Amino acid sequence: MSWQQRISLALTERREKQQFRQRCVSQQGDVRTIRVNDRGYLNFSSNDYLGLSRDARVIAAWQQGAERYGVGAGGSGHVTGYGAPHQEVERELAEWLGYPRALLFISGFAANQAIIAAMMQKNDCIFADRLAHASLLEAASLSPAALRRFAHNQPEALAKLLAGSADVGETLVVTEGIFSMDGDSAPLAELHQLTLRHNSWLMVDDAHGIGVTGEQGRGSCWQQKVQPELLVVTFGKAFGLSGAAVLCSEETADYLLQFARHLIYSTAMPPAQACALQAALHAVQQGDDLRARLQHNISLFRKGAAELGLELLPSATAIQPLLVGEEPRALELAERLREKGCWVTAIRPPTVPTGTARLRITLSAAHREEDILCLLEALDDANS
Ligand SMILES: *Cc1c(COP(=O)(O)O)cnc(C)c1O
């Protein structure tokens, strides 16, 4: 088989399974709305939970940072790419979340890849929640360690795996704080008790919890009073930017600086972005009113959906998936909602397990009450 044949075969298979993915061009938007093919929609697909991507303070910090430091870091952090803005925001993050150290990464995907690759060796074992994010599972399966997945949010299932791991090397338990496709929270205290008992480490990816939940938006771990050995927070969601950080001990940070290749062989985050990140962090810390507005929108939506008899997953977070089941039905529903001016994404396998296609509705503090009511009405129409 030639390269051409391999590629066209793979594409044909995707098309036949109706799993062909295409991007659409978003022409403009203001968090609340999105414009595609010259038509405006209410946007219920963004992870910008607090609306900070358009926050005037954050934009100004980025602009001032660019004027002062230029637009690029000019090198890896190990060469000349690590500047005062990076150092300051790392210090503030560590202090805010109660850890000795924080290290910035260019993205959450990169952070997960880098950490798992640097930590895991042959004979080690990763125990991951079955629904953990692709960036975690992908990193785990690429690592020399064995990967075992445990039933979603079932500490008893993890306990069995840990009990049987006496003769392997080090073990790392991996979970999300709030699950990206389901919106539910991990039982972090129970998971951490288990890892402590078995000399294992816990790694929590709190991409969807940070900024949104816990006192001052400190996330799922703070809320559940758990301090995992490795906490990954990302800035592409509630922070409205992009990038990520790992929170850890002094020694773990020094270790990652030696062995995490994404930190060594990749250009550092632009310093202007680190300036914007610091402004976003302050906005998150002072964001109780934004979080209250988001909570209000969540309650309004769930109450309305219950009245309409819609089957929502049990999520108290900004992620409100509507379980549909079969893919064609999910695609059709998403299309109908678009006709009514609501942009909602259908999430299909392989992103979620077969037979659990869903509409992933995300709410933001930027939505107004009338937007939520409009979505509910569109859902009611589309379903009938
Ligand atoms: C979005 C997401 C990531 C990836 O983060 P990026 O910064 O977008 O690369 C990692 N983990 C989870 C759980 C996510 O939802």
Side-chain angles (χ1 to χ4, degrees), residues 21 23 26 45-50 52-53 58 86 89 93 102-117 126 128-143 147 149 152-153 172-186 188 191 202-214 217 219-221 228 230-247 260-263 266-270 273-274 276-277 280-281 284 313 315 317-321 345 347 350-353 358 360-364:
R21 294 169 191 248
R23 301 176 298 178
S26 153
S45 285
S46 160
N47 297 319
D48 189 357
Y49 303 127
L50 301 179
L52 291 181
S53 73
V58 180
H86 303 87
V89 78
L93 282 166
L103 293 179
L104 290 179
F105 285 84
I106 209 76
S107 74
F109 199 99
N112 287 339
Q113 299 284 309
I115 294 163
I116 288 177
I126 296 177
D129 185 287
R130 180 159 286 284
L131 297 188
H133 192 258
S135 58
L136 295 162
L137 293 176
E138 172 102 356
S141 59
L142 290 174
S143 85
L147 165 64
R149 303 202 288 171
H152 175 53
N153 279 350
L172 183 68
V173 172
V174 173
T175 187
E176 292 183 39
I178 291 174
F179 283 83
S180 55
M181 294 300 142
D182 293 67
D184 55 348
S185 302
L188 295 173
L191 296 177
L202 178 64
M203 173 175 178
V204 176
D205 174 347
D206 203 22
H208 297 276
I210 195 72
V212 179
T213 184
S220 310
C221 295
L230 294 162
L231 168 61
V232 173
V233 296
T234 73
F235 309 124
K237 276 100 188 190
F239 276 65
L241 287 150
S242 69
V246 62
L247 287 297
R261 306 165 77 82
H262 295 64
L263 290 178
S266 182
T267 303
M269 175 185 289
Q273 187 181 336
L277 189 52
L281 173 59
V284 163
L313 295 182
S315 158
T317 66
I319 303 163
Q320 290 292 330
T345 311
I347 307 279
T351 305
V352 291
R358 65 199 65 186
R360 181 176 181 270
I361 297 163
T362 50
L363 303 174
S364 165

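Note that the structure is a prediction, hence the values are computed from the model and not measured. If you read the sequence from its start, that first residue is 1, and numbering goes on from there. Counting starts at 1 for both ligands and their atoms, in listed order.
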What pairs with [X] under side-chain contact (heavy atoms from CB on, under 4.5 Å), at least two apart in sequence or on another chain?
X	result
Thr267	Ala73
Ala260	Ala114, Ala118, Leu256, Leu263
Ala110	Ile106, Ser107, His262

For a distance cut-off of 3.5 Å, show me each N or O of ligand 1 paired with any protein N or O, plus the separation.
residue  : atom   : partner : partner atom : Å
ligand 1 : 7 (O)  : Gly108  : N            : 2.7
ligand 1 : 9 (O)  : Gly108  : N            : 3.2
ligand 1 : 9 (O)  : Phe109  : N            : 2.9
ligand 1 : 11 (N) : His133  : ND1          : 3.4
ligand 1 : 11 (N) : Asp205  : OD2          : 2.5
ligand 1 : 15 (O) : His208  : NE2          : 2.5
ligand 1 : 15 (O) : Lys237  : NZ           : 2.9

Quick check: do Asp129 and Glu176 have side-chain heavy atoms less than 4.5 Å from each other? no

Between Leu202 and Leu188, the two heavy atoms sitting closest are CD2-O, 4.3 Å

Hey, would you say the His133 and Phe179 ring centroids sit under 6.0 Å apart?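 So the answer is no for these two rings.
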
